[in-house]
Asker: 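Dumping the structure here so I can ask a few things about it.
Every chain is numbered from 1 and lettered A, B, ... according to where its sequence line falls, protein lines coming before strand lines. Reckoned from all heavy atoms, side chains included, excluding hydrogens, waters and symmetry mates.
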There are 2 protein chains.
Amino acid sequence: MNARQAAWAYLSQVAAGPCAPLADLVGAVGPEEAARAVRGAELPEVLRTRTQARAHLDTAARDLALVERLGGRLLTPDDLDWPQWKLLAFDGTEQRADRESAAPLALWVLGRRKVAELTERAVAVVGTRAASGYGEHVTTQFVDDLAGGGWTVVSGGAYGIDGAAHRAALAAGAPTVAVLACGVDRAYPAGHGRLLREIARDGLVLSEYAPGTAPARYRFLARNRLVAALADAVLVVEAGARSGARNTASWASRLGRPVLAVPGPVTSASSVGCHRMIRDGEAILAARAADVVEAAGPMGVAAESSGPVRRLDGLSSRAAQVYEAFPASGSIGVRELSEGSGLPLKSVQGALPVLEMSGLIDSDETGWFRR
Amino acid sequence: MNARQAAWAYLSQVAAGPCAPLADLVGAVGPEEAARAVRGAELPEVLRTRTQARAHLDTAARDLALVERLGGRLLTPDDLDWPQWKLLAFDGTEQRADRESAAPLALWVLGRRKVAELTERAVAVVGTRAASGYGEHVTTQFVDDLAGGGWTVVSGGAYGIDGAAHRAALAAGAPTVAVLACGVDRAYPAGHGRLLREIARDGLVLSEYAPGTAPARYRFLARNRLVAALADAVLVVEAGARSGARNTASWASRLGRPVLAVPGPVTSASSVGCHRMIRDGEAILAARAADVVEAAGPMGVAAESSGPVRRLDGLSSRAAQVYEAFPASGSIGVRELSEGSGLPLKSVQGALPVLEMSGLIDSDETGWFRR
């Protein structure tokens, strides 16, 4: 255990959830200096109030040892594998609600896979704990198709739709990511202890809460923002009138992620929330996995290529592969691009808008061509 | 049988469906002069071509006698009961597709009720012939609630959703309107002979096709425009990928009527069309009858009050009743208006926008007030 990592662990235990001002302090002075300041309460008022009650909790060594014993690690912005959070930026002027959308300080992770790699193409599949047989069946269908298309399924590890989503991914031989609202050492819900161990074996179980942290209502809400942030789109399979899945969906909207909802029988209480979201324009209706991919695909790739656009820099490997299949001059059709690149038609169709937005290609009535 | 009525019957038999130029001719010279012109082929080219093949069919006396024997009548623009068609206007410059949206020349009607009165507050409930058990169940629920709220259900008399809609209305003791794509003397579909007789007893069976006309594909499409035109909103309960219900829905959109669709299990082929319409923004998701009323209510009433606005002229009795509940000066809340008018809260909420658009009332932070 090095001192810097111990400082991160300490700060994570003290913050106990999203804390944008603390993340800013760490960004400015580094974790060790920030940890010293927190311990000594040498802090601006807002941060002193926020950290005071927990500043004495120096369990870093124990926490790091525990998570290591469980086959995990503490992931921090120091790591190459730290995700490129596309959360709302924090500049100190936001309201409390916006400040809470900050990136996590650090992530406690069980599992060997890399977070950034596993969530490069990811869909959050969430829903009510009180899932119906229909909901579980449909979850399995969607996840099976998404996993087959190379999408990682992210969810919250809860009973109902979440559990069905993780299980379907595992059954399809695809890694899946569970984001918890408690420490990763806790099996919550208790009945999902074995499922969470299976998820960690092939995929990831992660949390921004230090080991030992108990679940709490506000932690579920904060956790939902990470589920949304780690995915290219959020799919709500079933949601009652007051389901937490709608909270995940609203995080997704704020983060610019597409939200989709699966309709169901109007006679089913478990679909009331989905129907309301669709009717009110908060969610796109998803009748099959292709609807999700259509919404998630181009956007997910587009987000990767944001920033200054320079030729193939910043393009996903898929988009670059499609671009390479273009002739140096003259135009080409989607089907030929699929054959030339060796990528499925859907992937080509997803990549074209990205390449177009990047200014690399254009189209006219003869087809697509390099600019 | 008077000569004018015989002329209408003749023209209806010859037109055999929507024929805007003929309707224009009748509007200009009257039915008897128009009939003489058609018989003598003294017509502009477009009309001669259109009427030539059927101009010899002088079955007017027989047709009128037949429909009278069946307890019906020929309804024409001469009648006070002729509906105020809110179809697209025809000025001769439209494309064929738009011309076919013309009002019918005349209507063959079985049943004693008045068309305009019965369709004053009407919802078209349509859907696939291949209805599922879910679809029939949901149709019954929606229609039961709509009928209870005083809405007339209009449909096409077909198997599946149409039949379930008519049956549910009858079961609720509410009159219902069936619009046929063949002569009203024909029981089509054959298995619905008894149902159509029951519909005619308490409600109406109507068609723009003269007695003896057989159903045909293009007649179903033309019939769908009348279903849409007679209703304040169209509700599609179940529709397959190529259901005719989507045709009715697209007529409704062209006529400015709200279109709603009921979602169902994504595993059901009978809901594919509904889901597509909702996803593509062609229909509002309807999870219960209140969703339909919300979409149909104010609009239906507003349409009534179109034309020159003079105080309470042209307002529905409901809107007038709400207006009467206003104090001469000072403002009032929705709940007080509901108590004062004796109308349910929903009705008051539906009437307020109409009264506001009519320039009769306005609102500010204190509530609503007379202008």
Asker: Could you tell me which non-hydrogen atom of Y134(B) sits nearest to which non-hydrogen atom of V266(A), and how far apart they are?
Answerer: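 Nearest heavy atoms, Y134(B) then V266(A): OH-N, 2.8 Å.
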Asker: So which heavy atom on Q141(A) is nearest to which on T267(B), and how close?
Answerer: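 What the structure gives for the nearest pair is OE1-CG2, 3.9 Å.
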Asker: Is it the backbone or the side chain of A286(B) that comes under 4.5 Å from a heavy atom of chain A, or both, or neither?
Answerer: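 Just the backbone, heavy atoms under 4.5 Å.
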Asker: Less than 4.5 Å to any heavy atom of chain B: does that hold for the side chain of D291(A), its backbone, both, or neither?
Answerer: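 Contact with chain B involves the side chain of D291(A) alone.
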Asker: Could you pull out the closest heavy-atom pair between L285(A) and R279(B), with the gap in Å?
Answerer: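 Heavy atoms only, the tightest pair is O-CG, 3.4 Å.
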Asker: Report the distance from atom CD1 of I278(A) to atom CD1 of I284(B), rounding to the nearest 0.5 Å.
Answerer: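 Interatomic distance, I278(A) CD1 to I284(B) CD1, rounded to 0.5 Å: 13.5 Å.
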